[in-house]
Peer 1: 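One structure, as C-alpha cells, below. Some questions next.
Starting from 1, each residue takes its place in the sequence as its number.
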Amino acid sequence: MEGMEVDVYRAGLEHNDRAILESANVGFCKIVVKKDTDEIVGATIVADRAGEIINEVTLAMKEKIGLRSLGRNIHPYPTTGEAIQGCGLQFINKSWTRLD
C-alpha cells in the first residue's frame with residue numbers, strides 16, 4: 001500500500017443505538033479504499049465488539065465487494081455493524097451532486 005493514494009471513510013459509535021444501549025459507544029470504524037474507487041484496501045475498527053464487526057469487511061476484501069455495496073446492504077438494527085454501513089453511505093453520498 002505504500003505510495004498508494006487512498007480515501008478514508010470513518011463512522012463513530014457515539015450515535016450508534018446498539019453501542020449506546022450497551023454503554024459501549026466509544027470507538028469507530030474506519031475503511032480505507034483506493035482513491036476514487038470503492039475497492040477496500042484496509043480497515044480499522046475500535047469497539048467492544050470489533051471482532052464481530054470486522055468479518056464483514058474482511059469478506060468484502062476477499063471477494064472484491066466494494067464499499068458502495070456495503071453501504072447499500074441492509075444491516076440489522078440495532079447493531080454496531082451499522083458503522084460499516086455508515087462508511088459505505090459516506091462513499092455513496094460523496095458522489096451526489098448538490099442541487100441548490
Side-chain angles (χ1 to χ4, degrees):
M1 265 186 21
E2 187 175 327
M4 178 188 303
E5 291 188 41
V6 297
D7 291 318
V8 179
Y9 298 91
R10 184 187 186 284
L13 295 178
E14 59 273 2
H15 301 294
N16 180 285
D17 288 343
R18 181 58 176 249
I20 292 168
L21 286 169
E22 294 180 350
S23 299
N25 60 327
V26 176
F28 63 90
C29 172
K30 179 173 70 172
I31 299 181
V32 182
V33 298
K34 279 187 184 177
K35 185 144 188 86
D36 298 325
T37 75
D38 74 340
E39 181 183 343
I40 301 169
V41 295
T44 301
I45 298 177
V46 177
D48 280 0
R49 294 177 178 251
E52 297 173 14
I53 303 169
I54 195 71
N55 295 325
E56 182 177 3
V57 178
T58 57
L59 179 63
M61 291 174 70
K62 180 181 178 207
E63 298 300 323
K64 306 289 188 217
I65 298 168
L67 185 56
R68 177 184 308 276
S69 293
L70 293 184
R72 294 184 57 128
N73 188 38
I74 297 171
H75 288 70
Y77 173 84
T79 61
T80 50
E82 290 177 284
I84 292 171
Q85 183 181 28
C87 291
L89 291 174
Q90 287 175 34
F91 174 84
I92 292 166
N93 293 346
K94 182 181 94 169
S95 65
W96 289 1
T97 302
R98 185 174 173 96
L99 302 174
D100 290 326

Peer 1: Any link between Phe91 and Val32 through a network of hydrophobic side chains (Ile, Leu, Val, Met, Phe, Trp, Tyr) touching at under 4.5 Å?
Peer 2: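 In one cluster with Phe91: Val32, no.
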Peer 1: Determine yes or no for a side-chain-to-main-chain donor-acceptor pair under 3.5 angstrom, with Arg18 supplying the side chain and Thr79 the backbone.
Peer 2: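 Answer holds: no.
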Peer 1: State whether the number of non-hydrogen atoms from other residues, nucleotides or ligands found under 6.0 Å of Lys94 atom NZ is greater than 12.
Peer 2: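 Check passes, neighbour count above 12.
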Peer 1: How close do Ala11 and Cys87 get, heavy atom to heavy atom, and via which atoms?
Peer 2: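 Heavy atoms only, the tightest pair is N-SG, 3.7 Å.
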Peer 1: Can you see which heavy atom on Cys29 is nearest to which on Ile31, and at what distance?
Peer 2: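 Reported closest heavy-atom pair: SG-CG1, 4.0 Å.
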Peer 1: Rounded at 0.5 Å granularity, tell me how far CD in Glu56 sits from CD1 in Ile65.
Peer 2: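 Between atom CD of Glu56 and atom CD1 of Ile65 there are 9.0 Å.
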Peer 1: Run through Val6, Val8, Leu67 and flag the one making a side chain to side chain contact (heavy atoms under 4.5 Å, CB included) with Val33.
Peer 2: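 For Val33, the side chain to side chain contact (heavy atoms under 4.5 Å, CB included) check succeeds only for Leu67.
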Peer 1: Do you know the tightest heavy-atom contact between Asp38 and Ser69?
Peer 2: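 Taking every non-hydrogen atom into account, OD2-N, 4.4 Å.
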Peer 1: Does the His15 side chain pair with the main chain of Leu13, one donor and one acceptor, at a distance under 3.5 Å?
Peer 2: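 No.
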Peer 1: When rounded to the nearest 0.5 angstrom, what is the spacing between CD in Glu82 and OH in Tyr77?
Peer 2: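 Glu82 atom CD to Tyr77 atom OH measures 7.0 Å (nearest 0.5 Å).
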Peer 1: Considering non-hydrogen atoms only, spot the tightest contact between Ile84 and Val57 and give its length.
Peer 2: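 Minimum heavy-atom contact is CD1-CG2, 3.7 Å.
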Peer 1: Please examine the side chains of Met4 and Lys34, heavy atoms only from C-beta on, and report whether any two atoms are closer than 4.5 Å.
Peer 2: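 SC-SC contact between Lys34 and Met4 confirmed.
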Peer 1: Tell me the salt bridge (Lys or Arg N to Asp or Glu O under 4.0 Å) pairs involving residues 66-79, sequence neighbours left out?
Peer 2: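 As it turns out, there is no salt bridge (Lys or Arg N to Asp or Glu O under 4.0 Å) pair with a partner in residues 66-79 once direct neighbours are skipped.
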Peer 1: Would you give the length of the straight line joining atom NZ of Lys30 to atom CZ of Arg10, rounded to the nearest 0.5 angstrom?
Peer 2: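 Interatomic distance, Lys30 NZ to Arg10 CZ, rounded to 0.5 Å: 8.5 Å.
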Peer 1: How long is the straight-line distance from CG of Asn73 back to CD of Gln85, given to the nearest 0.5 Å?
Peer 2: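 If we round to the nearest 0.5 Å, Gln85:CD and Asn73:CG are 7.5 Å apart.
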Peer 1: Mind listing the side-chain donor-acceptor pairs of residues 41-51 below 3.5 Å, one per line with the distance, residues two or more places apart or on another chain?
Peer 2:
residue : atom : partner : partner atom : Å
Arg49   : NE   : Glu22   : OE1          : 3.0
Arg49   : NH1  : Glu52   : OE1          : 3.2
Arg49   : NH2  : Glu22   : OE2          : 3.2

Peer 1: To the nearest 0.5 Å, what is the distance between CD1 on Ile54 and CG on Leu59?
Peer 2: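 Reported to 0.5 Å precision, the distance equals 11.5 Å.
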Peer 1: Supply the atom-to-atom distance Ile92 CD1 to Tyr9 OH, rounded to the nearest 0.5 angstrom.
Peer 2: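 Here the rounded value is 10.5 Å.
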Peer 1: I'd like to check the side chain to side chain donor-acceptor pair (under 3.5 Å) partners of Lys35; sequence neighbours left out, ordered by chain and number.
Peer 2: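 Listed in chain order: Asp7.
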Peer 1: Tell me if a side-chain donor or acceptor on Asn16 pairs with a main-chain N or O of Asn25 at a distance below 3.5 Å.
Peer 2: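 No, the answer is negative, given that no donor and acceptor are paired below the 3.5 Å cut-off.
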